There are 2 protein chains.
Amino acid sequence: MSQEKIITIYDIAEKLSLSPSTISRGLQNHAAVNAVTKKKIFDTANEMGYRFNTFARNLRSRKTNTIGVIVPRLNSYFISAMLAGIEKELNGSGYNMLISQSLELQEKEAEYAETMMHNRVDGLIVALAANTTSLDHFQPFFKHHIPLLFADRGIAGNEYTKVVIDNFRAGYEAAFHLAEQGCTRIAHITGNTIRDVYSERRDGYQQALKDKGLSFDESLVFETDLTEISTMKVMNRILKMEVLPDGLFVSNDFCAAIGLKTLKQAGLRIPEDIAIVGFNNDATSRITEPALSTVNYPGQEMGEVVARRLINQLNASNPSEPETLVLKSELIVRSSSLKGGV
Amino acid sequence: MSQEKIITIYDIAEKLSLSPSTISRGLQNHAAVNAVTKKKIFDTANEMGYRFNTFARNLRSRKTNTIGVIVPRLNSYFISAMLAGIEKELNGSGYNMLISQSLELQEKEAEYAETMMHNRVDGLIVALAANTTSLDHFQPFFKHHIPLLFADRGIAGNEYTKVVIDNFRAGYEAAFHLAEQGCTRIAHITGNTIRDVYSERRDGYQQALKDKGLSFDESLVFETDLTEISTMKVMNRILKMEVLPDGLFVSNDFCAAIGLKTLKQAGLRIPEDIAIVGFNNDATSRITEPALSTVNYPGQEMGEVVARRLINQLNASNPSEPETLVLKSELIVRSSSLKGGV
DNA sequence: TTGTACGCGTTATCAT
DNA sequence: ATGATAACGCGTACAA
């Protein structure tokens, strides 16, 4: 009990008067090892408190069975759902998961990418930080042909494999729906439009206005960091407007919920005075009163899909082409945007 | 670009006509290496696309700089806040973080503990699964003197180091507050009471009733898995009672929010007919109307503290005694429990 | 079916 | 300040 010696296959070999290779094979359930011998090996291993050394194996096999994951932040409803999905798939397939959060900073993202590299991850899953503009920090991965997949937040173009939703369409549908409900002045709160998830939603919103013959008013679009504080500030600005908007599309449920509550407290009726649509279908969206219309955004599924795609790629014999997997998202209409009329 | 050879210190050594040892030392910024040589080494390393192999180092040094983290689930507001705290501290100190989720199952927890063992984590942080009753699966860690710290959900007693809040007191305060507000029939919804976090809150609640001279009614305590569905079921049972409760203490903000909304929809006024207190101070608690009274539960801080404690323990020369770190939690009174009286 | 011998990439030790 | 050598623990080609 006191100070445990570290047991290796050599120790087992010695005790059983066998060779280390036989032990190694036995522990791997190698076909060419006598069943009796195998049993003896396993028993002795347990008895001696043997635990095999993944590092020695990794060193030897040049594989780590570890996948790196870099996300903007861990404490987000959407991200944690995605991580849950990734974890499920990876661990189900015998992979480990090394996680870092970039805190929305390209600088940290780069730093962690390097760490992942040093840790010889077999593959990398990334959701880009808000301010990431260049992928230079991922060059080593491309160079060494280590699969790098983007989850949700990738970069425009078809150069890389990514799993996303059709943000343009989602934004379009949200705004279109508000217009259908009779809204003519639809405001939009979005995140950092460096990230295509946000710019595309905004573009979709803009296109919907156009298609519905509504004028686009730049001053009704608010680019923020999607925090509670920023949202409150935007609300104050909105409430001071001479002509209030009659619709609001927010790229994030939590902020939409904050907005909804703030507007109500200011005496406005939701949806009669201002109809609201959020984004993500967070648990929060079912808590607000009225319940929040939102875009269902399949976080867990996205995680599962990206992880499975990565695993397939790792198992594939020939290199796979970059691919963009688009998951289904859909507008969920609840009371916050349902004005009586059509 | 095409197929990159993996560069080792031998390659650099050869190119510079130096010995591998010098390269190794140079790359580590060893004092006893000529500055000029060092520079040459670094430059050549970059130029050749060298990336050092953590596994070889780990194998040699018998340390991995990796900490394992096993949590019940990733997609929980509280857990992800805690993880964010852990990640911050660990990565700040040069540690990596290997994460698994037990999905509240002891069986999976055991499986992952083994994986962590094989990966030779330097330490382990665990929040126990709902149904974990035995710690047998962690025996290897104890045996090999690998620090195992519990975060939030540990096990009773002083045998292990853990970071927690005073759940008894928190539960006591919540129930006491409701009683102070004039509630005399206070219901309680709790999680699996195998976990002390839940049983202690319930005990605190019970003690508060006693101290306020209220009778304890077993049928007003609902042990659930704290999901939305279970909460709805409990609400239905409550609404069917002949005498409704006039207070409700829920061990989880999300469920409290669901409950609050359901009761309101059934025509009850909050807090006049039923006053409610939740737990966690989730973002959700500020969204409900009325805003939810709750117990502030410092998830991120808890993560930071447990990680820091672990790092200290790893750096300490002498073994450290088990210790229970109790973080401050406090009742936050908002409108959902503030009856006019008193 | 089992054993021998070497390599994986690094670092520690001892020597120069 | 630098070099030579062994060792970390395992896997595998080849031999027996």
Side-chain angles (χ1 to χ4, degrees), chain A residues 4-42 44-45 48-66 94 115 117-122 140 144, chain B residues 4-42 44-45 48-66 94 115 117-122 140 144:
Chain A
E4 292 284 326
K5 180 187 180 318
I6 290 179
I7 307 295
T8 74
I9 53 174
Y10 290 94
D11 300 313
I12 304 178
E14 193 172 359
K15 187 150 188 173
L16 291 178
S17 304
L18 285 169
S19 86
S21 30
T22 304
I23 309 299
S24 171
R25 284 191 279 252
L27 290 172
Q28 290 174 73
N29 241 316
H30 199 291
V33 173
N34 191 307
V36 184
T37 316
K38 240 185 237 173
K39 170 136 178 49
K40 261 199 301 197
I41 292 176
F42 275 116
T44 314
M48 298 179 75
Y50 167 78
R51 48 178 187 145
F52 83 68
N53 189 324
T54 309
F55 295 102
R57 162 181 289 179
N58 290 343
L59 182 58
R60 189 60 243 249
S61 64
R62 292 152 165 270
K63 281 205 58 184
T64 63
N65 275 297
T66 298
T115 305
M117 198 64 192
H118 288 162
N119 278 4
R120 289 289 204 279
V121 293
D122 290 341
H144 292 281
Chain B
E4 294 285 325
K5 179 185 179 322
I6 290 179
I7 307 295
T8 74
I9 54 174
Y10 285 95
D11 302 312
I12 304 178
E14 194 173 356
K15 187 149 188 174
L16 291 179
S17 304
L18 284 170
S19 85
S21 348
T22 304
I23 307 300
S24 171
R25 283 191 280 251
L27 291 172
Q28 291 174 75
N29 241 316
H30 199 292
V33 174
N34 191 307
V36 184
T37 315
K38 240 184 237 173
K39 170 136 178 51
K40 261 198 303 198
I41 293 176
F42 276 116
T44 313
M48 298 179 76
Y50 167 79
R51 47 177 188 147
F52 85 69
N53 189 323
T54 310
F55 297 102
R57 162 179 291 179
N58 290 344
L59 182 58
R60 194 57 245 242
S61 64
R62 292 151 166 270
K63 280 205 58 184
T64 63
N65 274 299
T66 299
T115 305
M117 198 63 193
H118 288 161
N119 278 354
R120 288 290 205 278
V121 293
D122 290 340
H144 292 282

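Residue numbers begin at 1 in each chain, while the letters A, B, ... track the order of the sequences. In this text the structure is predicted, and so the values were computed from the model without any measurement.
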Interatomic distance, [X] [atom1] vs [N] [atom2] [rounded to whole Å]:
| X | N | atom1 | atom2 | answer |
| --- | --- | --- | --- | --- |
| A/Ile9 | D/dT12 | CD1 | P | 11 Å |
| A/His118 | C/dG9 | NE2 | P | 15 Å |
| A/Leu27 | C/dT2 | CG | C1' | 15 Å |
| B/Arg120 | D/dG9 | CZ | P | 8 Å |
| B/Arg62 | D/dC10 | CZ | C1' | 13 Å |
| B/Ile7 | C/dT10 | CD1 | C1' | 16 Å |
| A/Lys63 | C/dG9 | NZ | P | 16 Å |
| A/Leu59 | C/dG7 | CG | C1' | 9 Å |

How would you label the contact of [X] with the nucleic acid (heavy atoms, under 4.0 Å): base, sugar-phosphate, or nothing?
| X | result |
| --- | --- |
| B/Phe55 | nothing |
| A/Thr54 | nothing |
| B/Leu18 | sugar-phosphate |
| A/Arg57 | sugar-phosphate |
| A/Arg25 | base |
| A/Ser61 | nothing |

To the nearest 0.5 Å, what is the distance between CD1 (B/Ile12) and NZ (B/Lys15)?
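It comes to 9.5 Å.
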Any donor-acceptor N or O pair under 3.5 Å, side chains B/Asn58, B/Thr64
no
Assess the side chains of B/Thr22 and B/Ser19: does a donor N or O sit below 3.5 Å from an acceptor N or O?
yes
Atom CD of A/Gln28 with >12 non-hydrogen neighbours under 6.0 angstrom:
yes
Check every atom of C/dT10, C/dT1, D/dG3 against the side chain of B/Asn53 and return the nucleotide holding the closest atom.
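Of all the options, the side chain of B/Asn53 is nearest to C/dT10.
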Candidates D/dT2, D/dC10, D/dG11 - which lies nearest the side chain of B/Ala32:
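Out of D/dT2, D/dC10, D/dG11, the nucleotide with an atom closest to B/Ala32's side chain is D/dT2.
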Comparing B/Ala56 and A/Gln28 on DNA chain D - which has the more 5′ nearest nucleotide
B/Ala56
Would one find a side-chain N or O of [X] under 4.0 angstrom from OP1 or OP2 of [N]?
| X | N | answer |
| --- | --- | --- |
| B/Arg60 | C/dC8 | no |
| A/Thr37 | C/dT2 | yes |
| A/Thr8 | D/dG9 | no |
| A/Thr22 | C/dG3 | yes |
| B/Tyr10 | C/dG7 | no |
| A/Ser21 | D/dG11 | no |

B/His118 and its ring pair (Phe, Tyr, Trp, His ring centres under 6.0 Å) partner, picked from A/Phe55, A/Phe52, A/Tyr50:
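For B/His118, the ring pair (Phe, Tyr, Trp, His ring centres under 6.0 Å) test succeeds with only one of A/Phe55, A/Phe52, A/Tyr50, which is A/Phe52.
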Tell me if a side-chain donor or acceptor on B/Thr37 pairs with a main-chain N or O of B/Val33 at a distance below 3.5 Å.
no
